[in-house]
Amino acid sequence: MPLVFERFWRVEKSRNRRTGGSGLGLPIARKLVEAHGGTLSATSTPGRGSIFTIRLPAGVCGEEQG
């Protein structure tokens, strides 16, 4: 799990771009969430799957930042 947010990293090295993507989706998602003051984390249980959690700060709609 420590590498899951690294650019171009894939679990299955046998996959290529045609069958498995580029390895950029999670790093981009994390940067977007962090740009909004939040966090993106992951937990995984072998054989059961993974859980990705996005936490964003709460704000008041229409409130001016200053």
Side-chain angles (χ1 to χ4, degrees):
M1 287 304 294
L3 299 176
V4 74
F5 293 106
E6 293 294 321
R7 291 182 303 159
F8 305 113
W9 185 82
R10 293 184 225 150
V11 174
E12 282 187 45
K13 301 301 179 199
S14 63
R15 288 183 151 189
N16 59 36
R17 289 182 68 193
R18 196 177 303 158
T19 61
S22 63
L24 292 173
L26 287 174
I28 290 170
R30 179 176 246 181
K31 289 294 182 185
L32 285 170
V33 170
E34 289 173 348
H36 288 84
T39 60
L40 173 58
S41 61
T43 58
S44 182
T45 304
R48 301 243 2 214
S50 301
I51 297 173
F52 294 86
T53 304
I54 296 173
R55 295 187 187 275
L56 294 170
V60 176
C61 231
E63 180 180 309
E64 280 192 38
Q65 301 294 320

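Residues passing the side-chain contact (heavy atoms from CB on, under 4.5 Å) test with T45 are R48, sequence neighbours excluded.
To the nearest 0.5 angstrom, I54 atom CD1 is 9.0 Å from T39 atom OG1. Interatomic distance, CD1 of I28 versus CG of L40, reported as 12.5 Å (0.5 Å rounding). In this structure, CG in L32 is found 7.5 Å from NE2 in H36, a value given to the nearest 0.5 Å.
Heavy-atom minimum distance, S44 versus S50: OG-OG, 3.2 Å.
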